[in-house]
Protein chains: 2
Amino acid sequence: MSTAVTPVVLGLLSLGPRSGYEIKATVDRSTRFFWAASYGQIYPELRRLEGEGLIEGEDAPNGARARRLYRLTPAGREALEAWLRSEGRLTIELRDESLLRIFFADALPHDDALELLETRKRIFEEVLARLHEIDALPGEDPPFVDLVLRWGIAYTEWEAQWCAEQLQRLGPSTTPA
Amino acid sequence: MSTAVTPVVLGLLSLGPRSGYEIKATVDRSTRFFWAASYGQIYPELRRLEGEGLIEGEDAPNGARARRLYRLTPAGREALEAWLRSEGRLTIELRDESLLRIFFADALPHDDALELLETRKRIFEEVLARLHEIDALPGEDPPFVDLVLRWGIAYTEWEAQWCAEQLQRLGPSTTPA
DNA sequence: TAGTGCATGTAATGCGTTACATGATTTC
DNA sequence: GAAATCATGTAACGCATTACATGCACTA
C-alpha cells in the first residue's frame, strides 16, 4: 500500500471494474471531498498495481477509442482488506483558509470580522447544495458509501449552523439601511 | 501574500512580537489543526517578509544564545488586513484516511466495518482531550482566537457524537463474552 | 463544424515535510 | 552530567497538482 492513491484505486475497483478515466470521475464526485486524486497519480498507479498483480487490465475500446478496464484480483482484494484492517496512525489533515482568517479576525473591526463568519456560512451552504445534487443522482450506493455521503451532508450542515449561531451570539451586525 | 505561510506569520506577529521558534511553537498548539507550517517554511519566509518591509527583525539574544524577534510593520499590518478582506476562493481541503476507510468498508464483514467507526470515534476523543488541555492553559486569548478554539472543541465533539450515533443505529456489534 | 465529453498519458513545477546540523541554556 | 528545551537554519526528498499533448465520438 505504498502511496496515497493506492487505497482509492483498489477501493473503487472493489465496487466494480473501471477505467482510469472513470476512476478519476468517481473520485471527483465522491472521495475528493476528503481524499483527492489526480490523473498524474492514477495512471502511473494503475500500471504499478497491474505489475504487482493486485489488479488486471483488459482492453475494452469504445469503437476506435482506446479504453482499458481494470478489475481487482484476489490478491488485490486481500491488499484492500489488509489496508482496511491495518493499525497505525491515520492521517487526518485539514487545511482551512476560512478558519485561519477567523483566527486572525481580531485584526479587523468587529463588523468586518463578522463578515468572515458570513462568508464561511455561505461557503458551506454552497457545498451543501452540491452534496444534495450528488445525493439526488440516480443509482443505489453500497451502505457505507452512502453513510459517508450522509456524513458529508450532516457535517456541512453542522458547519453552516455553527456559523449561524456565532453570528447570532456576536450580535446582529449593524446592517446599514 | 504569495505563499501559504505568509498569512500565518503576519497573523501571529499581529498578536505580538515573536521569534521564528516561537512562531513554530504557537502554530503547533493553535493553527496546526487547520493550517500547518514547518521550520522549512517559516525561517525563509521571515527573511523574505523582512526584505519586503512587512516585518522587521531585531536581535534579542538570551545570553549567548542567538535569537531574533520579529514585529509587524505598518505595511505588514496593512498586508494582513488586505488578506483578511480579499475576495476569491478560499482553500478548504480535508485529507481524512479514516473516512476513506469507512467509505470502502463494504469490503469487510459488518463487525469489522463497525470497528472502523469505533476507531474514528476514539481518534476524535483523543483529539478532544488534547484540545481541552490547550484550553486549560493559562492566559487570555483574543476573542476570535478563542472562538476558533471553541470551534475545534465543538467540531471534535460533533465528530465523536456522529460516530456514536451511527454505531447505535447500525446495531450493537456482536461483542463476544 | 464547433464544442463538449470520453480516454490516456507525462513533464514540469511547486510545495511542504523530514531530517539533519549546530550550539547554548536550563532542569533533573 | 545527561536530557530536554531554546534557537536558527538548510538540503533532500517525496508527493501532488497543473498543464499540456493527443485523438476519437457524439451532439447541437
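Residue numbers start from 1 in every chain, and the chains themselves are labelled A, B, ... in the order their sequence lines are given, proteins ahead of strands.
- Protein atom CZ of A:Arg32 is 13 Å distant from nucleotide atom P of D:dT18, rounded to whole Å.
- Along DNA chain D, the nucleotide closest to B:Arg95 and the one closest to B:Gly40 are compared, and the more 5′ of them pairs with B:Gly40.
- Taking the six-membered ring where the residue is Trp, A:Tyr21 and A:Tyr39 present parallel rings, their angle staying beneath 30° rather than reaching 60°.
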Under 3.5 Å, which donor-acceptor pairs link side chains of residues 75-82 of chain A to any protein atom two or more places apart or in another chain?
{"residue": "A:Glu81", "atom": "OE1", "partner": "A:Arg85", "partner atom": "NH2", "Å": "3.3"}

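- Taken to the nearest 0.5 Å, the CG atom of B:Asp141 stands 7.5 Å off from the CZ atom of A:Phe103.
- Here B:Asp146 pairs with B:Arg150 under the side-chain hydrogen bond (donor to acceptor under 3.5 Å, both in side chains) rule; sequence neighbours left out.
- Smallest separation of non-hydrogen atoms from A:Thr3 and A:Glu45: OG1-OE1, 3.7 Å.
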Pairs: protein N or O with nucleotides 23-28 of chain D N or O, under 3.5 Å:
{"residue": "D:dC24", "atom": "O2", "partner": "A:Arg65", "partner atom": "NH1", "Å": "3.2"}
{"residue": "D:dA25", "atom": "OP1", "partner": "A:Ala64", "partner atom": "N", "Å": "2.8"}
{"residue": "D:dA25", "atom": "O4'", "partner": "A:Arg65", "partner atom": "NH1", "Å": "3.4"}

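- Near DNA chain D, meaning a heavy atom under 4.0 Å from it, residues 11-24 of chain B has B:Ser19, B:Gly20, B:Tyr21 in order of number.
- Comparing A:Arg67 and A:Pro44 by the nucleotide of DNA chain C whose heavy atom lies nearest to each, the residue mapping closer to the 5' end is A:Arg67.
- Taken from CG in A:Leu54 to OH in A:Tyr70, the straight-line distance is 13.5 Å, to the nearest 0.5 Å.
- Using a 4.0 Å heavy-atom criterion, one finds that A:Ala36 contacts the sugar-phosphate atoms exclusively.
- The environment of B:Arg89 atom CZ is sparse: at most 12 non-hydrogen atoms of other residues, nucleotides or ligands sit within 6.0 angstrom.
- From the 5' end on, the contacts that DNA chain C makes with chain A at under 4.0 Å to a non-hydrogen atom open and close at C:dG5 to C:dG16.
- Between A:Trp35 atom CH2 and D:dT17 atom P there is a gap of 11 Å when expressed in whole angstrom units.
- In this structure, the salt bridge (charged side-chain N to carboxylate O under 4.0 Å, His left out) partners of A:Glu58, at least two apart in sequence or on a different chain, are A:Arg71.
- There is a side-chain donor-acceptor pair under 3.5 Å between B:Ser86 and A:Arg101.
- Panel note: side chain A:Glu50, backbone A:Gly57; a donor-acceptor pair is recorded below 3.5 Å.
- Mapped onto DNA chain C by nearest heavy atom, A:Ala66 and B:Ala66 fall at different nucleotides, with A:Ala66 at the one closer to the 5' end.
- Atom pair B:Glu45:CD and D:dT10:P shows a separation of 13 Å (rounding to whole Å applied).
- What you find for B:Phe33 and A:Leu94 is that their closest heavy atoms are O-CB, 3.6 Å.
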